[in-house]
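Below: one structure, written as structure tokens.
As the structure is a computational prediction, the values presented were derived from the model and not from experiment. Labels below follow one simple rule: chain letters A, B, ... track the order of the sequence lines, proteins then strands, and each chain is numbered from 1.
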Amino acid sequence: MPELPEVETVRRGLAPVLEGQRIGKVTVRRRKLRRELPGDFEVRLEGRRVRCLDRRGKYLLVRLEGGDVWLTHLGMSGRMVIETGAARLKPGEFHHPSPAAGRHDHVIVRLESGARIVFNDPRRFGLMDVVSEEALEDHPLLRDMGPEPLGNTFSPAHLLARCQGRRRAIKEILLDQKTVAGIGNIYASEALWRARIHPMLPGARMDSGKAAALVGAIRDVLEEAISAGGSSLRDYRKADGNLGYFQHVFSVYDRDGEPCPRHECSGKIERIRQGGRSSFLCPLCQALPGGP
DNA sequence: CGATACACCTGTGTGC
DNA sequence: TGCACACAGGTGTATC
């Protein structure tokens, strides 16, 4: 689930709980996620104070005093759950200092405040690492990542340059994190629909008009999704401390067979396969130029 | 370089 | 109810 807006929502939800806090006991219940956690993972976190939380693409960055960065990727199914003292208490229970860990609770970080941050990830495609601030830019996972879509280095010119001379479909170019950081399967379809561009359009057939439309669409879609996440944050934290899932209404994603939500359009949303993954589009307003 | 397959995992929904 | 299968928001590697 987590693409850039969801990770940003997690960041915003965790920030007030983590910032300024000293980290206490770190419990790793399963070391092997997508990669093996480093052997010194716990040692490098325990006793350290959290400076601030950042995000790079789909990576959550927790910067610690002393110069290390705790890095998390949520993969497909990862979540961060905030447990305060009262969380997971059943009615009638008075005190439960250490509630039993859930089925896929892989990493549990206790804070000085008594709150606990639980990383839960059924599919275990997530990962964590700790690196020094200096090594962060050269980290193999971040090194080749493209610009932040909401920053000012992500421009139509940049996108167009990534497309020039390539036969590869525009959607696959968008999913490549080297093009732009943080776009996943949902927001790729959503942004292309907004920009009225067919997901199969070859990169070489992009032009500056399409690139400008797509850059704008990506920004709009991501910003709206972040707002939706922000508005649901309060509710989720009240409910169960569960960060990372929120309801956002999509225009085309997972809506095949439904009418295109564009007022003036009478098309019906289709699902196609690209690179083993589903894409959703309206064949009328996203028609391929010259295509069927 | 590109397209494709597959690998890593569990959970859920569907059809028989 | 059981079982097989398809599919799911990500990404890294291998192979043609």
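- Here B:dC9 presents its P atom at 14 Å from CZ of A:Phe119, a figure rounded to the nearest Å.
- Atom P of nucleotide C:dA8 and atom CD of A:Gln274 are separated by 13 Å, given to the nearest angstrom.
- Between B:dC6 and C:dC5, the distance separating the two P atoms is 15 Å to the nearest Å.
- With no hydrogens or angles considered, a side-chain donor-acceptor pair links A:Ser77 and A:Asp121 at under 3.5 Å.
- Atom CG of residue A:Leu136 and atom CG of residue A:Asp68 lie 10.5 Å apart, to the nearest 0.5 angstrom.
- Separating the CE atom in A:Met128 from the CG atom in A:Leu71 is a distance of 9.5 Å, to the nearest 0.5 Å.
- B:dC9 is unpaired under the criterion used here, namely a Watson-Crick or G-U wobble arrangement in which both key atom distances are under 3.5 Å.
- Remark: the backbone N or O of A:Gly276 is paired with a side-chain donor or acceptor of A:Arg273 at under 3.5 angstrom.
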Protein N or O to nucleotides 11-13 of chain C N or O, pairs below 3.5 Å:
{"residue": "C:dT11", "atom": "OP1", "partner": "A:His73", "partner atom": "NE2", "Å": "2.8"}
{"residue": "C:dT11", "atom": "OP2", "partner": "A:Lys58", "partner atom": "NZ", "Å": "2.7"}

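- Looking at heavy-atom distances under 4.0 Å, A:Arg30 makes no contact with the nucleic acid at all.
- Taking each heavy atom of A:Pro149 and A:Val180 in turn, the nearest pair found is CB-CG2, 3.6 Å.
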*CA sep, side-chain torsions, deciding dist, call: A:Asp129, A:His73, side chain to side chain donor-acceptor pair (under 3.5 Å)*: CA-CA 9 Å; A:Asp129 202 357; A:His73 193 292; over 6 Å; no

